[in-house]
Structure formats: C-alpha cells, structure tokens
Amino acid sequence: MRLGHPARAAIIGLALTLGAVACSTGGSTTASAPPSATAGGLEKTKIKIATLPAIDSAAIYVAIDQKLFEKEGLEVTPQVVQAAPEAIPMLLNGEIDAMFGNYVSMFAAHDKGSLKLRILAEGSRAAPDSLSIMALPDSPIKTAKDLEGKTINVNVLRNFQELALTQVLKANNVDPASIKYVPVTFQNIMTSWKSGQIDAAYLGEPMVTAATASMGARKILDPASGPAAEFPISGYVSTQEWYDKNPKVAAAFQRAIHNAAKLMENNREAVAKVLPTFTQIDAATAATVTFPYFSSNDNPVRLQRVADWMLEAKWLGKAIEVKSLMSPTTSG
C-alpha cells in the first residue's frame, strides 16, 4: 500500500512510540473543585495530565472522546508536550497532576531520588510489528547477526529502545556490546539513514509502515519479540505526595483509562478517530498503522522486567520493587 503524502506528514510530525517520553512547557496549577462538585467523594474534579503527541497516549483521548472520565466525575485536560525529563519538574512543582511517560525515564528519576514515583495506570506495551529494526533495500544487512558492529539510531541514549533491543539481540545470538547507538531526532532519521550515518534504522509506527511502502525498507528484527514481547513502554504516573492527597481521583482516573483500553481492544476506529486530534498522523495514515497494545489492567510482573533489565544494565543504583510503586487496581 502506498502512503504518499500522509506517510510523509506522519514522519515529519513523529514523536511516537519510540520516544514515548512525555512532557514540556508550563501551565497553571490545577484547582480543586468547590465542595459541591466533590459531593461524590473525589478530592478534586479537574486535573491536568501531560501527554505526548504519540500513538501510545491515545487512551486518554479515547477516554475523553467516549466521556469515560466524565462518567467518573472527572474533567481531564491533556497538555501535549515532548520529553519526559522536562515533565518531572512540572510534576514536582504542581503544574500538572500527572504525566504520561516511559518507564525507563521514570524509574531512573525515582532511583536518583529526584521523583518519588506512583504509577497510576499502565499505558502502552509494544505490539508485534509496532517497532522494527530496518535495513534499506541495498543494505548488506540481511539477518540479525549482520547487525553486529553496526550503528543504529535511538532517540535518547540509555532508554527503552536500547533496553528492549539488548534482550532481543542476546536471544538471537548477537553481541549487544558490538552495537553502536547514536541519538538521532525523529525528523533526521531518514536523512541519517539514506546518507549512511546509521547502518540500520530503529523505527516505530507510523514510520515502519511509511519506510516499507515508500522506500522498500526490509525488516531485520522486531525489538518487541522474544524476551521483549509486550515490553511495557509507557504509563501514567504522579508523585507519591499527589497520590496520597488524591487517592479517589487516582482510582477514578485509573478506571477510565482501563475502560478506554478495553474499548480500544476491539475498536480500532476509536483509536484512529482521535489520533489526528493530538498528533500529526492524519486519518488516512491512522487507518493503516500498527498500534501498540493498550493496557486494560495493571500487571506488576511484566512491568518488573523493565526495572530488572535496567539493574542488569547498571542503569539503576539499586533494585526497584515495581509492585510497591503501583496503585491498587480498581478495574480491569
């Protein structure tokens, strides 16, 4: 299927799965609702959540579109931002109530003590073919083993891309230490790839679909396969302090996100409908790309993999018991 202009537009505007790392510009502190508005028991009814212009954060927009937050007595305002590390000061300063971000950045901040983390709800997990290590048609790279000694792009060094791929490379008898990772911004991936600055491209949707259709790119390895199948990428988090003050709000938010994910499991159109409203993925492209998995329940076992692999990679100073950071599941 040829994507043409829609695919190019999607590439230009991409901040996608690979960077599932949320947050940036400021905003005003959310105000608690008056007592009459919280008669149902919520500590406040209006909250602001930092999100990404990425497929991964679609659940919050589906929940808004389907009035799932409204059913819980919540008015949720998404604030679209760009990078998770920028969101942490916003969270600590009370400029936002919670944020959508990748777990690697969140766990690293928690480990350093800069963020006392509370996971409100899981967000996205890597699905087959939603991520791909790809080679150009004339590249000598044909198999996973051919990746040894090669240069591959990542959006940020020592983040989830590298963490997941390391495990998949080992499972395919490839030495992870032989790979050279270089940070490349999304808008520069194609230029770097075509000019030979990277040997293989680490892509996520909608770039996987676009590169296949318009360039004849070949898939070499799925970073979401084998030991990294359903690798947890991103979720919704707050500070522990915020959670302690707003446990009923947190539970209501979690229920709405879970219910949105349930709806999305069998309703692709619900996802495709909202993507053009907060990303530069247009309707035509949204109808064709591979979506990640959206979590309708929270699973500490699968999420523990992220922290364990980070410790193995020496990206953490000490082990993290992920279950202790997760909110009680009130739905799912």
Side-chain angles (χ1 to χ4, degrees), residues 22-23 27-52 54-81 87 90-91 94-101 106 117-125 232 234-271 273-275 277-278 291-300 303 325-332:
C23 304
S28 60
T29 303
T30 52
S32 296
S36 59
T38 57
L42 298 181
E43 296 84 7
K44 60 166 71 175
T45 59
K46 297 181 179 181
I47 59 174
K48 182 182 290 184
I49 311 292
T51 70
L52 281 172
I55 296 173
D56 296 64
S57 54
I60 194 169
Y61 294 92
V62 170
I64 292 170
D65 183 63
Q66 299 292 323
K67 302 187 183 305
L68 300 178
F69 288 127
E70 186 177 316
K71 291 177 182 177
E72 295 289 344
L74 285 176
E75 181 182 328
V76 176
T77 301
Q79 181 170 324
V80 178
V81 289
M90 296 167 63
L91 205 58
E95 297 170 16
I96 55 176
D97 294 277
M99 62 178 282
F100 181 83
M106 299 304 133
L117 184 67
R118 170 61 69 163
I119 300 169
L120 301 181
E122 287 194 54
S124 65
R125 312 188 309 278
S234 302
Y236 300 88
V237 305
S238 70
T239 64
Q240 182 63 47
E241 181 182 8
W242 183 91
Y243 176 82
D244 290 342
K245 292 179 180 178
N246 302 282
K248 294 179 181 178
V249 176
F253 178 83
Q254 183 195 71
R255 285 192 297 270
I257 290 294
H258 284 174
N259 289 333
K262 289 177 186 175
L263 174 69
M264 295 156 74
E265 286 173 359
N266 299 306
N267 190 342
R268 179 184 175 88
E269 291 73 20
V271 184
K273 176 185 176 183
V274 300
L275 289 184
T277 68
F278 68 99
F291 296 155
Y293 292 128
F294 299 99
S295 298
S296 59
N297 57 55
D298 299 334
N299 186 323
L303 196 47
L325 305 179
M326 300 181 73
S327 302
T329 296
T330 59
S331 63

Quiz prompt | Over all atoms of both residues, closest heavy-atom pair of Lys262 and Ser296 | solution = CG-CB, 3.5 Å

Practice problem: Tell me, with the steps shown, if Ile47 and Ile49 meet side chain to side chain contact (heavy atoms under 4.5 Å, CB included). | Solution: CA-CA 7 Å; Ile47 59 174; Ile49 311 292; 3.9 Å; yes

Quiz item: Can Lys44 and Asp97 be counted as an ion pair, charged N to O under 4.0 angstrom?
Solution: yes

Exercise. Verify side chain to side chain contact (heavy atoms under 4.5 Å, CB included) between Gln254 and Leu120, making sure each step is shown before the conclusion.
Key: CA-CA 6 Å; Gln254 183 195 71; Leu120 301 181; 5.7 Å; no

Exercise. Provide the closest heavy-atom pair for Gly101 versus Met106 in the form atom of the first, atom of the second, distance.
Key: CA-CE, 4.0 Å

Quiz item: When you look at Tyr236 and Ile119, which way does the side chain to side chain contact (heavy atoms under 4.5 Å, CB included) test go after all the steps?
Solution: CA-CA 6 Å; Tyr236 300 88; Ile119 300 169; over 6 Å; no

Quiz item: From Arg125 CZ over to Asn299 CG, what is the distance, rounded to the nearest 0.5 angstrom?
Solution: 8.5 Å

Exercise. Nearest 0.5 Å please: distance from the CG atom of Leu325 over to the CG atom of Leu303.
Key: 8.5 Å

Quiz prompt | Thr239 side-chain N/O to Trp242 backbone N/O, donor-acceptor pair under 3.5 Å | solution = yes

Self-check item: Inter-residue atom distance Phe278.CZ - Ile55.CD1, 0.5 Å rounding
Solution: 8.0 Å

Quiz item: Sequence neighbours excluded, which residues qualify as side chain to side chain donor-acceptor pair (under 3.5 Å) partners of Tyr61?
Solution: Thr51

Self-check item: side-chain contact (heavy atoms from CB on, under 4.5 Å) partners for Pro300, two or more places apart
Solution: Lys323, Met326

Quiz item: By side chain to side chain donor-acceptor pair (under 3.5 Å), which residues pair with Gln240, not counting sequence neighbours?
Solution: Arg118, Asp244

Quiz item: Who pairs with Asn267 by side chain to side chain donor-acceptor pair (under 3.5 Å), at least two apart in sequence or on another chain?
Solution: none

Quiz item: Would you find a donor on one side and an acceptor on the other, under 3.5 Å apart, between the side chain of Ser234 and the backbone of Ser124?
Solution: no

Quiz item: Do we get Arg268 above Phe291's six-membered ring, with its NZ or CZ under 6.0 Å from the centre and within 45° of the axis?
Solution: yes

Practice problem: Ignoring hydrogens and angles, state whether a donor on the side chain of Asn297 or Glu122 is under 3.5 Å from an acceptor on the partner side chain. | Solution: no

Self-check item: salt bridge (Lys or Arg N to Asp or Glu O under 4.0 Å) involving Glu265 - partner list, sequence neighbours excluded
Solution: none

Self-check item: Nearest-0.5 Å distance that lies between atom CG in Leu68 and atom CG in Asn259
Solution: 6.0 Å

Quiz prompt | Any side-chain heavy-atom pair of Val81 and Leu52 under 4.5 Å | solution = no

Extract all donor-acceptor atom pairs below 3.5 Å that involve side chains of residues 69-78 and protein atoms in other chains or at least two apart in sequence.
from: Glu72; atom 1: OE1; to: Arg255; atom 2: NE; distance (Å): 3.1
from: Glu72; atom 1: OE1; to: Arg255; atom 2: NH2; distance (Å): 2.9
from: Glu72; atom 1: OE2; to: Arg255; atom 2: NE; distance (Å): 3.3

